[in-house]
There are 2 protein chains.
Amino acid sequence: MPQAIKNRPRLSIAEDINRNIDYLTRTERQCARVLLSNYPFIGLEKVASFAKRAEVSAPTILRLVGKLGFSGYPEFQQRLREELEERLQTPLTKHEEPQSALEDDDFLAKYSNSVERNLSRTLKALPRAEFEAVLKLLSDVKRPVHLAGGKLTSTIADYFYRHLIMVRPNVRRIENDSYAWSEHLIDMDRRDVVIIFDVRRYQPELLELARLSSQCGARVVLFTDQWLSPVSGIANHVIPVRIDVPSSWDSAVSTLMVVEAMIAALSNRDWSRVEARVKAREKLAEKSRLEN
Amino acid sequence: MPQAIKNRPRLSIAEDINRNIDYLTRTERQCARVLLSNYPFIGLEKVASFAKRAEVSAPTILRLVGKLGFSGYPEFQQRLREELEERLQTPLTKHEEPQSALEDDDFLAKYSNSVERNLSRTLKALPRAEFEAVLKLLSDVKRPVHLAGGKLTSTIADYFYRHLIMVRPNVRRIENDSYAWSEHLIDMDRRDVVIIFDVRRYQPELLELARLSSQCGARVVLFTDQWLSPVSGIANHVIPVRIDVPSSWDSAVSTLMVVEAMIAALSNRDWSRVEARVKAREKLAEKSRLEN
DNA sequence: CAAATTTTGTAACTGTAATTACAATATCTG
DNA sequence: CAGATATTGTAATTACAGTTACAAAATTTG
């Protein structure tokens with residue numbers, strides 16, 4: 001079978017090589033082994049490096065790639081990258097063993113694990129400067145803050161709102177209904193801060209809101225997923241979080257974590273002021289209760 | 001510092017970007033964000049692909065790469081590959097490395113760590129039988145479900161509500177205002193399920209609601225913290241979660257995780273029914289949009 | 001063992017990716 | 001708001017990676 005090896009449904013390149021290794025010539029086999037030996041990194045290098053490592057000539061590599069059913073080296077590399085990306089997204093199933101016993105019958109554990117993964121990836125990818133910048137904006141109590149979210153994320157906006165209002169004055173919730181926007185936009189200028197939550201299945205209304213706010217000169221802060229909402233083009237600060245879980249729905253856990261961390265940081269920063277505010281509010285609540 | 005950013009000892013490119021993101025221009029920052037958002041794969045593509053994904057021109061990418069201290073794109077990619085290889089070779093060590101060093105000056109990391117700790121402790125302490133039991137109640141679409149929460153936790157109740165309503169019919173939100181309770185209580189019997197969220201600083205009203213519901217014969221499900229709300233005395237099922245973090249406020253992350261896991265489990269269990277429901281709802285939304 | 005056949009490397013070639021120069025645009029500043 | 005400065009994209013250029021043709025070497029086969 002010196003012709004091109006048929007490309008089966010969806011084998012990984014490594015598996016494909018293993019199955020068809022006898023159809024390869026001696027030097028080709030050598031290349032294949034080198035590739036498999038620390039798969040798939042050598043395949044991501046240039047042809048020349050690969051060839052050198054395998055101690056063969058470049059054309060031999062290309063012939064191998066051809067036999068594996070690819071039309072060219074770039075296509076082969078593209079596929080390797082896709083595989084790698086996929087593999088890195090689900091490390092638990094392939095990489096790890098000890099938990100697998102639990103995982104199968106313990107859905108909660110499985111879910112929790114993937115949430116934990118999201119958290120650490122979020123942590124890693126989140127630019128601290130952005131986090132700090134947003135914190136700085138929120139610390140400035142002179143700046144009015146407006147919060148908005150999408151169909152599902154507005155819950156998180158609400159959570160943020162309820163806590164922020166305990167920590168500082170001048171916070172408002174933008175209703176989901178776009179008819180009410182004008183109430184916010186009318187007084188908006190460069191002092192204002194608009195916080196928008198927008199994840200997958202990005203809502204066009206939110207983009208519109210961001211645009212209008214930005215035109216007023218307001219600072220726009222965006223919480224979004226790793227694929228970035230279109231609002232990211234407008235926003236002054238972007239906080240990307242991980243939302244992918246083994247579910248039909250997205251996870252808001254990482255978003256919530258960042259929001260909570262912001263509130264915590266704000267509170268800790270000058271607790272005395274916050275404390276006074278909380279106490280004052282409690283007193284007021286007490287009073288209004290007695291009057292009822 | 002608009003010149004090339006100094007290349008410190010051995011920062012990963014991601015970290016380097018995170019530290020120096022404010023020295024980048026707007027579009028460069030956009031590139032950086034796209035790269036970080038699913039690091040490092042876009043960086044392994046050709047410049048053109050990267051540029052397209054980031055919605056900028058190729059030279060912008062190259063300028064970014066230059067600022068990061070690389071002499072050219074190939075060098076940058078080489079480094080990315082090395083990082084990736086290194087990272088994949090050490091599966092477990094990596095997880096522990098950032099904690100100690102960063103914690104001091106990185107509040108976000110500190111917070112995230114304590115949240116992660118909460119998650120695993122929650123996972124450990126959560127009785128699977130309770131989880132399953134609640135799941136079973138929710139699977140039974142004939143049972144009306146009512147959701148209520150406290151001053152801060154009602155946001156989570158709301159999150160649960162919005163997802164449940166997509167998964168099954170017969171779900172209602174109990175307003176925070178106790179005047180509205182009668183609307184729910186009037187028709188309540190042993191088929192009904194009342195889900196209550198109540199954590200530290202337990203609200204007496206919620207205890208009252210639980211009592212009344214229970215008297216109607218309804219099943220009461222309680223989400224609470226590790227110290228258990230007084231509602232736990234009445235509730236048929238109790239889901240305890242961890243809420244303690246280095247903050248003046250409590251964390252709702254673990255609660256949210258369990259809620260999400262429930263929704264995911266429900267959806268996965270019989271997806272075909274859920275899918276039909278989701279599609280039907282989309283169709284209706286479409287229709288009503290057209291009519292406006 | 002020689003002819004046929006396959007395999008492999010060399011070297012020339014080609015196409016495309018990375019780079020650069022420069023003009024257009026946007027942003028800042030007095 | 002104009003001039004200055006910084007930023008960004010377009011288009012031309014360069015360099016090099018990937019490809020191909022072909023000849024040399026190795027292997028197979030009669």
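As the structure is a computational prediction, the values presented were derived from the model and not from experiment. Any value given below was found using the heavy atoms of this structure, including those in side chains, with hydrogens, waters and symmetry copies removed. Residue numbers begin at 1 in each chain, while the letters A, B, ... track the order of the sequences.
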**Report entry** Pairing residues for Tyr202(A) by the side chain to side chain donor-acceptor pair (under 3.5 Å) criterion, not counting sequence neighbours
**Finding:**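 Partners of Tyr202(A) under the side chain to side chain donor-acceptor pair (under 3.5 Å) test: Asp225(A).
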Query raised in the report: With sequence neighbours excluded, what pairs up with Ser272(A) under the side chain to side chain donor-acceptor pair (under 3.5 Å) test?
Result: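 Side chain to side chain donor-acceptor pair (under 3.5 Å) check on Ser272(A) returns nothing, list empty.
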Considering only NZ, NE, NH1 and NH2 on the basic side and carboxylate oxygens on the acidic side, decide whether [X] and [Y] come within less than 4.0 Å.
X: Glu130(A); Y: Arg33(B); answer: yes
X: Asp106(B); Y: Lys110(B); answer: no
X: Arg269(A); Y: Glu132(A); answer: yes
X: Glu82(A); Y: Arg79(A); answer: no

Grab the [atom1]-[atom2] distance between [X] and [N] for me, whole Å please.
X: Gln78(B); N: dA18(C); atom1: CD; atom2: P; value: 14 Å
X: Lys46(B); N: dG15(C); atom1: NZ; atom2: P; value: 16 Å
X: Glu28(A); N: dT7(C); atom1: CD; atom2: C1'; value: 8 Å
X: Lys52(A); N: dT8(C); atom1: NZ; atom2: C1'; value: 20 Å
X: Phe76(B); N: dA17(C); atom1: CZ; atom2: P; value: 17 Å
X: Glu55(B); N: dG9(D); atom1: CD; atom2: C1'; value: 14 Å
X: Phe70(B); N: dA18(C); atom1: CZ; atom2: P; value: 15 Å
X: Gln30(A); N: dG9(C); atom1: CD; atom2: C1'; value: 13 Å

Query raised in the report: In degrees rounded to 10°, what angle is found between the helical axes fit to the five outermost pairs at each end of the helix from dC1(C)-dG30(D) to dG30(C)-dC1(D)?
Result: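 For the helix from dC1(C)-dG30(D) to dG30(C)-dC1(D), the axes at either end differ by 30°.
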Would you kindly say whether [X] and [Y] are connected by a side-chain donor-acceptor distance under 3.5 Å?
X: Arg81(A); Y: Gln78(A); value: yes
X: Ser57(B); Y: Thr60(B); value: yes
X: Asp244(A); Y: Gln226(A); value: yes
X: Arg162(B); Y: Ser154(A); value: yes

**Report entry** Sugar-phosphate or base contact per nucleotide [nucleotides 24-30 of chain C; S, B, -; heavy atom under 4.0 Å]
**Finding:** -------
Query raised in the report: Which residues within residues 58-65 of chain A lie with some heavy atom under 4.0 Å of an atom in DNA chain C?
Result: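 Nucleic-acid contacts, sorted: Pro59(A), Thr60(A), Arg63(A).
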Requested in this report: Find which nucleotide of DNA chain C each of Glu45(B) and Val56(A) is nearest to by heavy atoms, and output the residue with the more 5' nucleotide.
Outcome: Val56(A)
Query raised in the report: What heavy-atom pair brings Pro240(A) and Pro127(A) nearest, and what distance separates the two atoms?
Result: CD-CD, 4.0 Å
Polar atom pairs (N or O), protein with nucleotides 23-25 of chain D, under 3.5 Å:
none

Requested in this report: State, with a plain yes or no, whether a side-chain heavy atom of Val141(A) is found less than 4.5 Å away from one of Asn170(A).
Outcome: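 Val141(A) does not reach Asn170(A) side chain to side chain.
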Report task. Decide yes or no on side-chain contact (heavy atoms from CB on, under 4.5 Å) for Tyr159(A) and Glu260(A), but give the supporting numbers first. Result -> CA-CA 9 Å; Tyr159(A) 188 90; Glu260(A) 283 186 354; 3.0 Å; yes
Query - His237(A) and its side-chain contact (heavy atoms from CB on, under 4.5 Å) partner, picked from Leu137(A), Leu222(A), Val193(A) - result: Leu137(A)
Query raised in the report: Given that Ser57(B) and Tyr73(A) both sit by DNA chain D, which one's nearest nucleotide is further toward the 5' end?
Result: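 Closest to the 5' end, via its nearest nucleotide, is Ser57(B).
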